[in-house]
Amino acid sequence: MHWADVIAERLAAQGDSHVVATGITPSGPIHVGNMREVLTADLVVRACERIGVDAELIYIADTADPLRKVYPFLKEEEYEQHVGKALATLPSPDGDGSYSDYFLTPFFSALDDLGVEYRVVDSHEAYLEGKYTQSVKTAINNKVKIRDIISEVSQRPLDDDWFPYNPTDENGNMHGLKVTNCDWPWVEWVAEDGRTGRTNIEKGGGKLPWRLDWPARWDWLDITFEGYGKDHSSAGGSWDTGQHLAPIFGSDPPMGMMYEWIYLKGKGAMASSKGNTVSGKELLDIVPPEIMRYLITRVKPSKHIDFDPGEGLILLADEYERLEQRYHTKLNKIVHKSLGESSRKEQQLIDEARKFELAQGIRSGTDFDSSLGISFSHLSTLCQIKSQNEDLLTSLARTHGVDVNQPDKRLIDRVKRMRNWVDSEWFPDNARIQLADSIKSADFTSDELKFLQMFSQLIANSEWVEDSLLTTIRETTSNSELEPRQAFTTLYRALLNRDRGPKLAALLVELGQNNVTSLLDQLS
RNA sequence: GGGCCUGUGGCUCAGUCAGGUGGAGCGACGGACUUUUAAUCCGUUGGUCGCGGGUUCGAACCCCGUCAGGCCCGCCA
């Protein structure tokens, strides 16, 4: 059974209507690691829908969070004055709109591409609109109790002057303020430099600290399920304290599920602050949404993912393509059964089917009843040797029965993204078709050399189009001492430093006559 | 100091909550096809389930211990 279905069944046992929450702070580009949280939640929602349980996904944009520091991608001189202020109140890096919107816009666009349906709750607005007011009042009224709980559960005693609300100063800054008095709805504060002031809680003059904000929103949004990153999961962490604080705000804590992080292969955890990220948008530029979803559906949330945007991603995409084929020929006929009613082998097949179904952009079923049957690695080759889509389709018509006049829309979409991929920094070198820099006679036997020299002379006069080149290749091959297979291998080694490669005539056309002949001339 | 997650064929993962003859995909190997678009199809191989104890008729699974990797206990997926 797929993990999302397991969660859905557990939720169903608790009630027939659920609110699934997910929250990300838009302090920087929202990367693939962040996307795991939202997609995980989306899968739970979809699994609920499958068994007839009502579920809504809420995305909470933590726009009330302060800018913690000047990140490497920000201009120091422009943003140092803004550290400590709510993200929603800051200027955008491109000068247009708010800071948070700047990062949220591409994120929402990625979510739309991924087929995620969600309601946005903007935390800054929520504070301004007084949605948190009741919770803040509760927190202040229970200050001592809350302080004791946090101190005890987190094993970290809070100061006696700790106050369960972070006000903002006259500039909107919330760093370094201490609350000196509270006369509802006003809180009085003193800054580190001695400035004093007061702010109105009911008008959004600050926010709850994270450990309180979380259980507070569980209450006012009636959240029943939430996934959380592993950083929140240890004893004494915010999930833990939240469990103990939720009753104070008047509700049961939601069902939770920890998920692991996504690492950039060889570079550690994705973190905007370190600059080693792939944003959701960047990924969707190079692979279709279902591949990104599949990255998440294929592994349990407790597994960390070593994400490799190069060769590993091609393998992942090809794995998806094969799964799609298996789905349409076999897996879709498998009947869903619950755990007790089927063998483990059956369960594994159901699991595979669900990995595929949950990867779909559409919410149930699939858009197509067959796979394309064209691997991404094959497409990556074609995109490199066929710069025109027309030529590419003609080629696929011959090899894969593609209808040139009415190509599958998935194909066009994949080709578009593959071309981006090939042009991007992520495309792996070993998949890149590249003419060898130099060539050495010593690397070839005398028969092979003779063959290459003959070939070199003939193509020098050949018209540089596929048909003529093909004829030349055939003639050279049949006049040489080499077996056809060996002849091809020799040519690939000479041109690409590899034993195999894309169909030779097309490859030569793409490499260009001058480049090829000047390379082969090095042998004479 | 305390806690969480992960460890299963060369690789990526199911299976652990409900103990009952260890699974899948990829790779590798072999065959078919082919004067090769890094192919495609078919078949085969491959594992003392990190390690050591315990419970049990029976343990990958439960319990205790231990090792390794990752992370947390300000803020932050």
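Order of the sequence lines sets the chain letters (A, B, ...), proteins ahead of strands, with each chain counted from 1. Values below: all heavy atoms of this structure, side chains included; hydrogens, waters and symmetry mates excluded.
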Looking only at B:C13, B:C75, B:C26, the nucleotide nearest the A:Arg322 side chain is B:C26
Nucleotide by nucleotide, 5' to 3', does protein get under 4.0 Å of the base (B), only the sugar-phosphate (S), or neither (-) in nucleotides 1-9 of chain B, counting heavy atoms?
-BBSSSS--
Between A:Phe488 and A:His232, just flag the one whose closest nucleotide in RNA chain B comes earlier from the 5' side.
A:Phe488
What is the pairing partner of B:C33, taking Watson-Crick or G-U wobble pairs with both distances under 3.5 Å in any strand?
none
Could you please name the partner base of B:C11, counting Watson-Crick and G-U wobble pairs only when both distances are under 3.5 Å?
B:G25
In residues 370-382 of chain A, which residues come under 4.0 Å of RNA chain B by heavy atom?
A:His378, A:Thr381, A:Leu382
Rounded C1' spacing from B:G52 to B:U12 in Å:
29 Å
Check: A:Arg211 side chain, B:C75 base, donor-acceptor under 3.5 Å:
no
Distance, P atom - from B:G23 to B:U48, rounded to whole angstrom:
15 Å
My understanding is that a pair needs two contacts under 3.5 Å, Watson-Crick or G-U wobble. By that rule, which nucleotide pairs with B:A68?
B:U6
When you measure only distances, ignoring hydrogens and angles, does the side chain of A:Arg68 come within 3.5 Å of the base of B:C75 through a donor and an acceptor?
yes
Closest nucleotide among B:U36, B:A24, B:C75 to the A:Tyr492 side chain:
B:U36
Let's see if you can work this out: which of B:G25, B:C76, B:A24 has an atom nearest to the side-chain heavy atoms of A:Asp65?
B:C76
From B:C41, B:C13, B:C76, nucleotide with atom closest to A:Lys355 side chain:
B:C13
Nucleotide opposite B:C61 in a Watson-Crick or G-U pair, distances under 3.5 Å:
none
Listed by chain and number, what are the side-chain contact (heavy atoms from CB on, under 4.5 Å) partners of A:Ala359, not counting sequence neighbours?
A:Arg293, A:Tyr294, A:Thr297, A:Tyr320
